[in-house]
Amino acid sequence: MNHTIPAPINRYRMKVSVVIPCYNEEAVLETAYRRFSHVFAPSAYDYELIMINDGSQDRTFEILSSLAQADKHVKVISFSRNFGHQNAVTAGLHCCTGDIAVIIDADLQDPPEVIPQMIEVYLQEGCNVVYAVRNKRKGESLFKLLSAKLYYRTLNWLSEYSFPVDTGDFRLIDRKVLDTFRLFPEKHKYLRGLFSWMGFKQTPFYYDRDERYAGNTKYTLRKMIRLASNGIFGFSKKPLKIAISLGSVSILIALMMVLWIFYLQIFAHDHVVQGWSSTVITILFLGGIQLLTIGILGEYIGNIFDETKNRPEYIIQEKINFDEPS
Ligand code: UDP
Ligand code: MG
């Protein structure tokens, strides 16, 4: 029997918040605005386009201000400096007022035209989250494709939770999830992991990812590594356990070498002095393991340090078109 859960909200009164982080995106913003408006203006939904200027150095803020002046649906949050993609999305989610929110990049890699289909899935399934899964990824470098594939699978192996693979931050979340998200005080958020960790009813939505409309990627290798380590160190304690295993294996190897040296001393005394290379290898091997484990510990302690400082995740310099004074 088919149990269809009734749609939770009347679509004609539903408000959709679209959360769009923007960092040095002057080349795409006007086209992006046009495409988003084209999707929502004729629709039955009330909507707001929350565009977060993440401390851009180009004309992003000027363009966003003039879009906001011309159209009250555009709401702008401008940071005091670059706080990073995840913090920009977090600010948008904290400030949005919709019944549902859609997180989407500004560069049009995730086509805005599929959002109504995601809303349909949300209404029909009566779920809390619709997460977008990439069928194809056009225009990405081989390095990015391979590293992403490897990373998502490694994260699943390391973590006790299982996260959907080939899924970015492009997703629809409902008010219940938004309100729950507000209760998360942690810094270094790895959003795609957090939303999946939260549970609730989640439905995948498959789509083809386009090429970036214009400009270059704003995710430098450093930012990618930071995001990846937030995922691993935020959702897994396994690296600490791996450190213990590595230490144990190296102790075992050292003990075996002691036995071997004893054997040489007794049965092959003439060959003993030549062993400098094995000594160097042993020192390097053990030194490497020690540095690695200290590094892993440092990552966790560094995260604890940041949490205890309790600094805000972002600082808003200016807000435009929000009801409350900025
Ligand atoms: N972004 C941001 N702050 C940053 C880096 C990126 O707000 O420090 C935004 C960027 O403007 C875009 C989204 O995050 O809307 C994803 O970035 P990008 O498209 O450059 O990443 P990629 O798709 O290449 O991984
Ligand atoms: Mg992109």
Side-chain angles (χ1 to χ4, degrees), residues 17-36 49-64 67 74-96 101-112 114-115 132-152 165-171 187-193 207-231 313-318:
S17 301
V18 188
V19 173
I20 313 163
C22 310
Y23 177 55
N24 290 342
E25 297 287 9
E26 61 180 7
V28 303
L29 284 179
E30 267 143 9
T31 311
Y33 166 72
R34 219 173 312 121
R35 277 180 57 184
F36 280 110
L49 304 176
I50 300 191
M51 307 184 88
I52 306 98
N53 169 36
D54 184 14
S56 304
Q57 290 97 34
D58 66 356
R59 289 183 53 255
T60 294
F61 182 66
E62 285 76 14
I63 298 170
L64 290 182
L67 289 175
V74 177
K75 298 184 174 180
V76 180
I77 298 170
S78 191
F79 283 175
S80 61
R81 64 167 172 85
N82 180 238
F83 281 90
H85 171 231
Q86 302 285 293
N87 290 324
V89 173
T90 301
L93 294 176
H94 285 165
C95 298
C96 74
V102 177
I103 305 166
I104 187 166
D105 291 349
D107 61 358
L108 301 172
Q109 277 196 286
D110 307 321
V114 304
I115 297 176
V133 186
R134 300 149 180 176
N135 276 332
K136 273 192 235 144
R137 299 175 68 167
K138 291 183 209 153
E140 301 273 31
S141 67
L142 193 66
F143 171 72
K144 189 133 189 169
L145 290 177
L146 285 179
S147 58
K149 253 201 158 46
L150 189 72
Y151 173 70
Y152 288 124
V165 292
D166 302 325
T167 303
D169 287 320
F170 183 25
R171 68 189 61 220
K187 318 284 182 281
H188 303 298
K189 286 194 177 75
Y190 180 67
L191 294 173
R192 57 199 75 170
Y207 77 113
D208 291 338
R209 198 164 206 231
D210 287 336
E211 283 176 54
R212 173 176 258 282
Y213 172 73
N216 295 321
T217 176
K218 305 300 177 295
Y219 254 95
T220 53
L221 187 63
R222 221 171 114 180
K223 283 183 179 173
M224 266 170 71
I225 291 172
R226 197 180 307 151
L227 181 73
S229 75
N230 284 348
E313 295 153 273
Y314 53 81
I315 298 170
I316 297 176
Q317 184 167 358
E318 201 169 332

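Please read these numbers as outputs of a predicted model, since none were measured by experiment. Note that ligands are numbered from 1 as they come in the structure, with each ligand's atoms numbered from 1 the same way.
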Can an N or O of Asn82 be found at a distance shorter than 3.5 Å from an N or O of ligand 1? yes
Numbered atoms and elements of ligand 1 in range of Gly84, under 4.0 angstrom, heavy atoms: 3 (N), 8 (O)
Candidate pair Lys223 and Gln86, rule side-chain contact (heavy atoms from CB on, under 4.5 Å), full reasoning: CA-CA 10 Å; Lys223 283 183 179 173; Gln86 302 285 293; over 6 Å; no
State whether a side-chain donor-acceptor pair under 3.5 Å links Tyr314 with Thr90. no
Are Asp169 and Arg192 close enough for a salt bridge, meaning some N to O gap below 4.0 Å? yes
Give a yes-or-no answer on whether the side chains of Lys218 and Asn82 include a donor-acceptor pair shorter than 3.5 Å. no
So, Asp105 and the Mg ion (ligand 2): N/O/S under 2.8 Å, yes or no? no
Could you tell me which non-hydrogen atom of Ala106 sits nearest to which non-hydrogen atom of Ala32, and how far apart they are? O-CB, 3.7 Å
Does the pair Asp105/Arg209 count as a salt bridge with the N-to-O cut at 4.0 Å? yes
Just need the protein heavy atom nearest to atom 6 (C) of ligand 1, so name the residue and atom and give the distance. Lys218 CB, 3.6 Å
Note: heavy atom closest to atom 4 (C) of ligand 1, options Asn24, Asp54, Asn216, belongs to Asp54
Which is closest to atom 23 (O) of ligand 1 in terms of heavy atoms, His85, Lys144, Glu25, Gln109? Gln109
With a 6.0 Å cut-off on ring centres, are Tyr219 and His85 close enough? yes
May I ask you to identify the nearest protein heavy atom to atom 19 (O) of ligand 1, giving residue, atom name and distance to one decimal place in Å? Asp107 OD2, 2.6 Å
Atom 24 (O) of ligand 1 has as its nearest protein heavy atom Thr217 OG1, 2.5 Å
Which ligand 1 atoms are under 4.0 Å away from a heavy-atom of Ala106? 15 (O)
Check the angle between the aromatic planes of Tyr207 and Phe170 and answer parallel, tilted or perpendicular using the 30° and 60° thresholds. perpendicular
The protein heavy atom nearest to atom 8 (O) of ligand 1 is Lys223 NZ, 2.7 Å
I need the nearest protein heavy-atom contact for atom 2 (C) of ligand 1: residue, atom name and distance, please. Tyr23 CB, 3.4 Å
Any N/O/S atom, backbone or side chain, of Gln109 lying under 2.8 Å from the Mg ion (ligand 2)? yes
Once you restrict to heavy atoms under 4.0 Å, what part of Met224 touches ligand 1? Side chain, backbone, both or neither. neither
Ignoring hydrogens and angles, tell me if any N or O in the side chain of Asp54 forms a donor-acceptor pair with the backbone of Gly84 under 3.5 Å. yes
closest protein heavy atom to atom 18 (P) of ligand 1 is Arg212 NH2, 3.4 Å
Ala88, any N or O under 3.5 Å of ligand 1 N or O: no
Report the name of the N/O/S atom of Asp107 located nearest to the Mg ion (ligand 2). OD2
What's the spacing between Asn24 CG and Leu29 CG if we round to 0.5 Å? 10.0 Å
Tell me which protein heavy atom sits closest to atom 21 (O) of ligand 1, plus the residue, atom name and distance to 0.1 Å. Tyr219 CD1, 3.3 Å
Should the proximity of Ile52 to ligand 1, defined as any heavy atom under 4.0 Å, be assigned to the side chain, the backbone, both, or neither? neither
Is it the case that ligand 1 has an N or O less than 3.5 angstrom from some N or O of Pro21? yes
Of all heavy-atom pairs linking Asp58 and Glu62, the shortest is O-OE1, 3.9 Å
Looking at every heavy atom in both Gly231 and Tyr151, which two are closest together, and how far apart are they? CA-OH, 3.4 Å
